Colleague: 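Handing you a structure now.
The structure displayed is predicted, hence computed values, not measured ones. Throughout, a chain's letter reflects where its sequence line sits, starting with A, and its residues are numbered from 1.
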2 protein chains.
Amino acid sequence: MEVTTQNIASKENINTWISQIHTEFKLAMSVDCVIFGYTEADLYVALIPCNMPPYEGDLSLVGDLLHANEDLDQAVDRILWERIGLRNVYCEQVQVFSQLGRHPLGRVVTVAYYSLIKVEDYKKVAPADCPLVWKKVDEVGSLAFDHNEVFGLCLEKLRRQLREHPVGFSLLPKKFTLNQLQQLYEVILNMSFDKRNFRRKLKAMDAIRDVGEVERDVRHRPAKLYSFDLERFEASGKNSFV
Amino acid sequence: MEVTTQNIASKENINTWISQIHTEFKLAMSVDCVIFGYTEADLYVALIPCNMPPYEGDLSLVGDLLHANEDLDQAVDRILWERIGLRNVYCEQVQVFSQLGRHPLGRVVTVAYYSLIKVEDYKKVAPADCPLVWKKVDEVGSLAFDHNEVFGLCLEKLRRQLREHPVGFSLLPKKFTLNQLQQLYEVILNMSFDKRNFRRKLKAMDAIRDVGEVERDVRHRPAKLYSFDLERFEASGKNSFV
DNA sequence: TCAAAAGTGTTAATGATACACCCATGT
DNA sequence: ACATGGGTGTATCATTAACACTTTTGA
């Protein structure tokens, strides 16, 4: 930290604020969603062809401008509804990108969010004319704008959150087997876990509850079903999943 | 996650974007800085009296509008220079607050940052007419706008970062004693550590280097001086301080 | 010689990792 | 009966937490 002589701002008053807010500013905000799509085999990200010079032909994240009558969280919900056809999707704000010149058409400050959906849920409601492209997260090529940076940060944050918070359960049925849960962690984190250690740790977390049922119609020993128990997890004060 | 029928957005094209960016939007962005001031005894936060109805008389965080020719990081640097008289201050972006109606004068979306300075550095350059008020972080009362929420999140993030990243060294002289370092962790995290365990852990991190000197002019056994060694720390791949 | 803070090791408890076999079901 | 995935326990190692005395300097 450098210490130098002072340079005090001229004091603003209400009138300068009002005039600045209403006249000086012509700035747009957008939201860019890193929509992660989960399957039991892989983690994907939703991309769309970009039609804006100079990025025509590249893929970009799914985004839109913030409207005047909504806050950012509402904008994310709207975008997911309009583009993906899903509501009540798990979302997290990640970071703001405000670099001058990041958008070719003018001053657009964007806020990155990630969200988590099941690809199968999307498939049920996917529009025929929808240009969405799903790429495996480790096969994302060069994206439009600064979207590679945005994507990278969101993937990092997703993985950090998954390790420390009960984030993944929105991707499983209400009742799930422990193997489904482990598979989810393995796919998203791109690593593998020892089955016994994974189970021991998970049970010690007080986050899941045996619902007393088992799988049906499998041609092997049926697995017990569990459900996520948010109350018990929060009461236990434990943290950090794996 | 709820799956329902689709509601596809009408496709936008470049022209709609351009017109939206340039006409629909009249939105201001601001930066609110949670400026943490460190002394060897306490952690403070810098506040200023608010002169904006309906919050006249309350204290608020130090903030300003984002100017047209700067990005957010630059705005933070400018604010710290104008208000505090310091440059090259450690800063981290924390979160965006975009709730409708959060600002009484219009649509202002704010981005929260925290920054770390030494109170003594500020005192050297503090302007006589400057209305800055330093409050201990656990004695912050009710603040203007949504600034209590902003402050709380920034304090949380500071503490998380301090535990996991080499953040605190900007608050110490280039050469410091291990007790100074421990005191810093204790003050910011508001907890105490065992001296031997703290040292063992810190040395195991490969983050500090004995510079072969000792304190002068103390009326007790002089402590060895250490310096932070960023290169060695990054090379070691270790993480998580305490 | 006294006051004041610096410095240093060991033990116990806890948590993490590695590892292999039997079980229940459908076909 | 066999193929398939489900389910379980123990031993080792690494990490963390608790704890008290001697050392060096200035006054």
Colleague: With nearest nucleotide decided by heavy atoms, which residue, B:Gln180 or B:Asp194, maps closer to the 5′ end of DNA chain C?
Modeller: B:Gln180
Colleague: What is the distance, to the nearest angstrom, from the CZ atom on A:Arg163 to the C1' atom on C:dA16?
Modeller: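 These atoms are roughly 13 Å apart.
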Colleague: Pick the nucleotide of DNA chain D nearest each of B:Val218 and A:Glu215; which residue has the one closer to the 5' end?
Modeller: A:Glu215
Colleague: Under 6.0 Å between ring centres, would you say that holds for B:Phe241 and B:Phe233?
Modeller: yes
Colleague: Whole Å only: how far is the CG atom of A:Leu225 from the P atom of C:dA24?
Modeller: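 So the CG-P distance, A:Leu225 to C:dA24, works out to 17 Å.
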Colleague: Which residues in residues 196-204 of chain A have at least one heavy atom lying under 4.0 Å from any atom of DNA chain D?
Modeller: A:Arg196, A:Arg199, A:Arg200, A:Lys203
Colleague: Would you mind telling me which residue lines up with the more 5' stretch of DNA chain C, B:Asn179 or A:Arg219, judged by nearest nucleotide?
Modeller: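 Per heavy-atom nearest nucleotide, the more 5' residue is B:Asn179.
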Colleague: Rounding to a whole Å, what distance do you find between A:Phe193:CZ and C:dA18:P?
Modeller: 12 Å
Colleague: Any non-hydrogen side-chain atom of B:Phe36 less than 4.5 Å from a side-chain atom of B:Tyr44?
Modeller: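 Answer no - side chains too far apart.
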Colleague: Taking any heavy-atom pair under 4.0 Å as a contact, classify B:Lys224: base, sugar-phosphate, or nothing.
Modeller: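 Counting heavy atoms under 4.0 Å across all strands, the contact made by B:Lys224 is with sugar-phosphate only.
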Colleague: Do B:Tyr38 and B:Glu40 pair up side chain to side chain, a donor and an acceptor below 3.5 Å, judged on atom types alone?
Modeller: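 On atom types as modelled, these side chains do not qualify, holding no pair under 3.5 Å.
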Colleague: In whole angstroms, how far is the C1' atom of C:dA6 from the CZ atom of B:Arg216?
Modeller: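 The distance from CZ of B:Arg216 to C1' of C:dA6 comes to 16 Å, rounded to the nearest Å.
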Colleague: Among the nucleotides D:dT4, C:dG7, C:dA5, which one has an atom lying closest to any side-chain atom of B:His220?
Modeller: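 Of D:dT4, C:dG7, C:dA5, C:dA5 is nearest to the side chain of B:His220.
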Colleague: Classify the ring geometry of A:Phe169 against A:Phe228: parallel below 30°, tilted from 30° to 60°, perpendicular beyond 60°.
Modeller: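 Plane angle under 30°, so parallel.
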Colleague: Going by an N to O cut-off under 4.0 Å, is there a salt bridge joining B:Glu164 and B:Arg160?
Modeller: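 No, B:Glu164 and B:Arg160 are not salt-bridged.
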Colleague: Can you tell me how far C1' of C:dT25 sits from CZ of A:Arg221, to the nearest Å?
Modeller: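 Taking atom C1' of C:dT25 as the reference, CZ of A:Arg221 is at 9 Å.
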Colleague: For A:Asp217, answer base if it contacts any base atom (sugar-phosphate contacts may also be present), sugar-phosphate if it contacts only those atoms, and nothing otherwise; contact means non-hydrogen atoms under 4.0 Å.
Modeller: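 Contact class for A:Asp217: none.
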Colleague: Whole-Å distance between C:dA6 P and B:Tyr226 OH?
Modeller: 12 Å
Colleague: Are the side chains of B:Leu172 and B:Leu184 in touch, meaning some heavy atoms are under 4.5 Å apart?
Modeller: yes
Colleague: Just the rounded figure in Å: distance from C1' of D:dT8 to CG of A:Asp210.
Modeller: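 Going from A:Asp210 (CG) to D:dT8 (C1'), I get 15 Å.
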Colleague: Using 30° and 60° as the class boundaries, would you call the ring planes of A:Tyr185 and A:Phe193 parallel, tilted or perpendicular?
Modeller: perpendicular
Colleague: Expressed as a whole number of angstroms, how long is the span from A:Lys195:NZ to D:dG5:C1'?
Modeller: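 The answer, rounded to whole Å, is 7 Å.
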